[in-house]
Protein chains: 2
Amino acid sequence: MTNKDARTPASTQNPTETSEAAEAGKSIGWHKAYVEGNRPGLRVPVRQVHLTNGQSVTLYDTSGPYTDPLVDTDVRRGLAPLRENWIVARGDTEEYAGRPVRPEDDGIKHTSPRGGLRNLDAVFPGRPRLPRRGREGKAVTQLAYARQGEITPEMEFVAIRENVSPEVVREEIAAGRAVLPANVNHPESEPMIIGKRFLVKVNANIGNSAVTSSIEEEVEKMTWATRWGADTVMDLSTGRNIHTTREWVLRNSPVPIGTVPLYQALEKVDGKAEELTWEIYKDTVIEQAEQGVDYMTVHAGVRLAYVPLTANRKTGIVSRGGSIMAAWCLAHHKESFLYEHFEELCEILAAYDVTYSLGDGLRPGSIADANDEAQFAELRTLGELNRIAKRHNVQTMIEGPGHVPMHKIKENIDLQQEICEEAPFYTLGPLTTDVAPAYDHITSGIGAAMIAWWGTAMLCYVTPKEHLGLPNRDDVKTGVITYKIAAHAADLAKGHPGAQEWDDALSDARFEFRWEDQFNLALDPDTAREFHDETLPAEPAKTAHFCSMCGPKFCSMKISQDIRREHGGSRTEIEEGMARKSREFAAAGNRVYLPIAD
Amino acid sequence: MTNKDARTPASTQNPTETSEAAEAGKSIGWHKAYVEGNRPGLRVPVRQVHLTNGQSVTLYDTSGPYTDPLVDTDVRRGLAPLRENWIVARGDTEEYAGRPVRPEDDGIKHTSPRGGLRNLDAVFPGRPRLPRRGREGKAVTQLAYARQGEITPEMEFVAIRENVSPEVVREEIAAGRAVLPANVNHPESEPMIIGKRFLVKVNANIGNSAVTSSIEEEVEKMTWATRWGADTVMDLSTGRNIHTTREWVLRNSPVPIGTVPLYQALEKVDGKAEELTWEIYKDTVIEQAEQGVDYMTVHAGVRLAYVPLTANRKTGIVSRGGSIMAAWCLAHHKESFLYEHFEELCEILAAYDVTYSLGDGLRPGSIADANDEAQFAELRTLGELNRIAKRHNVQTMIEGPGHVPMHKIKENIDLQQEICEEAPFYTLGPLTTDVAPAYDHITSGIGAAMIAWWGTAMLCYVTPKEHLGLPNRDDVKTGVITYKIAAHAADLAKGHPGAQEWDDALSDARFEFRWEDQFNLALDPDTAREFHDETLPAEPAKTAHFCSMCGPKFCSMKISQDIRREHGGSRTEIEEGMARKSREFAAAGNRVYLPIAD
């Protein structure tokens, strides 16, 4: 799992920075910097943490231009189209009129009692654009390019982000072991890669629902989630304004956006699953592809014959998409239209470079149902669909569970890797127990860390509100941080190059009582600082050689330092000098506890 | 790891209950009940959850008499001495005058500027008592009894709690694979067992420090921690009133109490490690044993020769006890007095049935230092000490790390089990990454679940404040709940008999939209209910067949139920009737979504 072709880790590279930003950054402990690539204009954002000992640490950054004080962002205008020149320069795509936006795209009926059509021409007035798609006969996916031996700017970008060589990126994509979700209609996104040879990624879900939430809230949740480290965001909106919400999210998102087109399709047939058709679904996929959705969950593995396999389950079918397709199959007593039309769907996705996220509609929803026949039957079908998708040059990842007790987790990832030819696995947790609603970020964070260590490429976060309610801002943050922990713990266990440098920098700061450095290096500096100040609020405590847990007399770190200071720096020195030092120590008054600085 | 001798799981036993308590319980969803043993008066407390479908689920309960409305508790009087009759009936112990309580036991100097000696005769005025110890030549430990083939009332008590036969309990204790910490001077405690064949246990730390906190707060933290599921509590107080605080905690604690006597011994020499002596330490151990401390952390494995092994570490020695002993060894250039006097210490502990928790003073304090030579050198010494302790009939468990990346966790438990002859392992986490201060309950909860699955018997909790400050009430609760999750996830993975019944009951409630049952079965009913109500506060939502996440149209559970209802209950029925049902379904108007109840 180590990268033999690893380049110099980013943390030892020298990010370019304007002296202005760097100076401003030093006062707050970190600033946004950029690592230049070989191509003109290719620069990769990083978070540069300035330590009080004069060193600095460079961390992966998902927060987009919002954290760059030199960039003037405006949600009504959207982000700058970072990738547009690269896409245009390839010359294999074309702009076209696109599908007209219809009222029902936003869930608005002419008979709607709320009446009043929105001005749909002004879905996103900030930057008028025509959709783009591959020219006839052109394969415009990153998979196609990789297979042709081409290293795209997107691949170079992620190579710098991941501290690996561009060739490793190309190889992994070409083999179908990694995906680089990058719809040609989402040029605002900063390229990222999902594959087991790379840093483990985290997805955060947002989305209004029939019950609550608004457009503004969803855009805010997206920027909030990426600020804390979400690598992709799925917009799972199911209510009104679904088209417009998605447009605003896309135009403002620095990370790839995923969706489940089935949800919107169902809205268009008033929630009646049996009235869904391939035509309505296909139209919805095109609608979303034109908007720029980077990856789509498609529940094409829920086949008619598998539905009875769920009959004796404790919790039936818990995937929304899975249950909708199961209901459709039963209502018509027909094979799933998604399965039947899968090749045609591949052609559509290929034209925009939309990545498949093959949904696990039959994933277990409880410990009792884990690793059952229904789940694995669907997985085998996903393996078959993965091969078809690759034939069409469509990038593909595979979704996974769910609820799985610890001793059954490895079987999941091992089977998926075998059946799906090492296609990236993208799991929801899994939750390792059902007994802790309100803490399912934790029940699932445990499973997520384990399955990621064993090869899962991306983790879908779970918030504390899972099973109970809609996540608010705090829940989104807690979910993202918990999953960044799981992902980084897995990066460490996989021996990802450079991963441990972050832990080492923080541990050094801890041992040397550099409190401000500890805070600034933390996944969540704000909360770390706040917790410290709750017990010892005074400013001198930030330079004190102890903390509130043990107080000055009992601080083991301090005693360790005193031992090291008194007895020399290295093991050999200590061994040689121990007896002598012991005498000196006594002669000096046996002062184990030096006076505290403050 | 399964219990072949498993009895009927407690959840199908029939706890006795007063109809009064049961009736009161039904209105709040659960009540305290008791399972009667074979001996007169032996009754094991359980939490009886009443479901709205008329069934009930019985859960392990650590909360003591405080949750029994029929018991009148008063912290000034202490809890009733549940085990006293059993201890007296054995006839192998005697009361004696005991060691006089001295001002310095509470950290009070005659020269103290705060002056004013407390009335030390009245350390705990509520229930005057004489200390008790084993009679000359009598082996009064549960280990000794187990080896003699005796099943004590304490063993029967835990057998009922664990759903195993008393003989399994006796065997595991006799073999040194489990401990039942039960000082003869802590008759208030409800017997519990720590061993890999039993439910994974959780310890919560409390303790004032030189910097903050009070006696009342510590007693309150103890009852609060046990309310949420702490199986034992360690009092790690290091400041003033250390003796009195401990007395109040012990007299009011329904769970075993652990301490680190070295902390108090150090207070007695004004924090000067080099002035510690065996005599002062021994006197402190006797002081605490007479009070009733059930297990003591002893850092006897930190030998002089191992200190240099920590010199090149990133974070040196992070165990307080370890660093104190290291400083002592270096100051005197002598072997540790704890190691030198270990046999004598065994004799003292045996007289009161105090259990050893052999401390890992050289545990790693960062990812970089995990599984190093210092750690494993000490572990080998702990193996040697474990054999000596067993020779003296002293029950023994072994403490473990600390900070360990996931891929190095299994090596820890495997080595410990091998070197220490399967003695119970008691680990602190381990934390699986260093980068998330303020979330170390989660970084460590991941490691804790894994190491417990692989055989660790008890987990020492970590709160969100770890590395940053002293835990408050909320932090204690979060730490306990997180660790109960880790412990239960491990119980599931180990296949502990009856463990999954809890998950199954909650999942059934979830699938059947029994919201109140979900809340009452949750590890933390209060927060689960609160989170639900944040989005859908109205009372009808508690019986609604959907929740706020997806709204009524998209509820997969509801669709699953509809499928099941429409298409028959079992797999065979579904297969046979699918085509027919499909036609009926269409004929009935294809109603996938039934009208919502409210």
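Chain letters run A, B, ... following the sequence lines, proteins first, then strands; residues in each count from 1.
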Taking the side chain as every heavy atom from C-beta outward, state whether [X] and [Y] have any atom pair closer than 4.5 Å.
X        : Y        : result
B:Pro437 : A:Arg510 : yes
B:Ile442 : A:His441 : yes
B:Trp453 : A:Ile446 : no

Looking at every heavy atom in both [X] and [Y], which two are closest together, and how far apart are they?
X        : Y        : answer
B:Val435 : A:Leu506 : CA-CD1, 4.0 Å
A:Gln500 : B:Ala368 : NE2-CA, 3.4 Å
A:Ala436 : B:Leu523 : CB-CD1, 4.0 Å
A:Ala449 : B:Met406 : O-CE, 3.2 Å
B:Trp515 : A:His467 : CZ3-O, 3.5 Å
A:His407 : B:Leu492 : CE1-O, 3.7 Å

Residue part contacting chain A, namely of [X], when any heavy atom lies under 4.5 Å:
X        : result
B:Pro464 : both
B:Ala490 : both
B:Asn205 : neither

Of B:Thr432, B:Thr433, B:Leu431, which meets side chain to side chain contact (heavy atoms under 4.5 Å, CB included) against A:Asp503?
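Single pass found, and it is B:Thr433.
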If you tally heavy-atom pairs under 4.5 Å against chain B, which of A:Asp491, A:Thr527, A:Ile409, A:Thr478 wins?
A:Thr527
Among B:Ile481, B:Asp369, B:Leu521, who wins on heavy-atom pairs under 4.5 Å with chain A?
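Maximum pair count with chain A is reached by B:Ile481.
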Quick one, A:Glu534 with B:Asn472, criterion side chain to side chain contact (heavy atoms under 4.5 Å, CB included). Give me CA distance, side-chain angles, the key distance, then yes/no.
CA-CA 10 Å; A:Glu534 238 176 69; B:Asn472 61 25; 3.5 Å; yes
Kindly indicate, with the supporting measurements, whether the criterion side chain to side chain contact (heavy atoms under 4.5 Å, CB included) is fulfilled by B:Phe531 and A:Leu470.
CA-CA 9 Å; B:Phe531 281 4; A:Leu470 283 175; over 6 Å; no
To the nearest 0.5 Å, atom CD of A:Glu512 lies from atom OG1 of B:Thr315 at 11.0 Å
Please walk me through it: do A:Lys484 and B:Tyr439 pass side chain to side chain contact (heavy atoms under 4.5 Å, CB included)?
CA-CA 11 Å; A:Lys484 293 300 277 189; B:Tyr439 298 83; over 6 Å; no
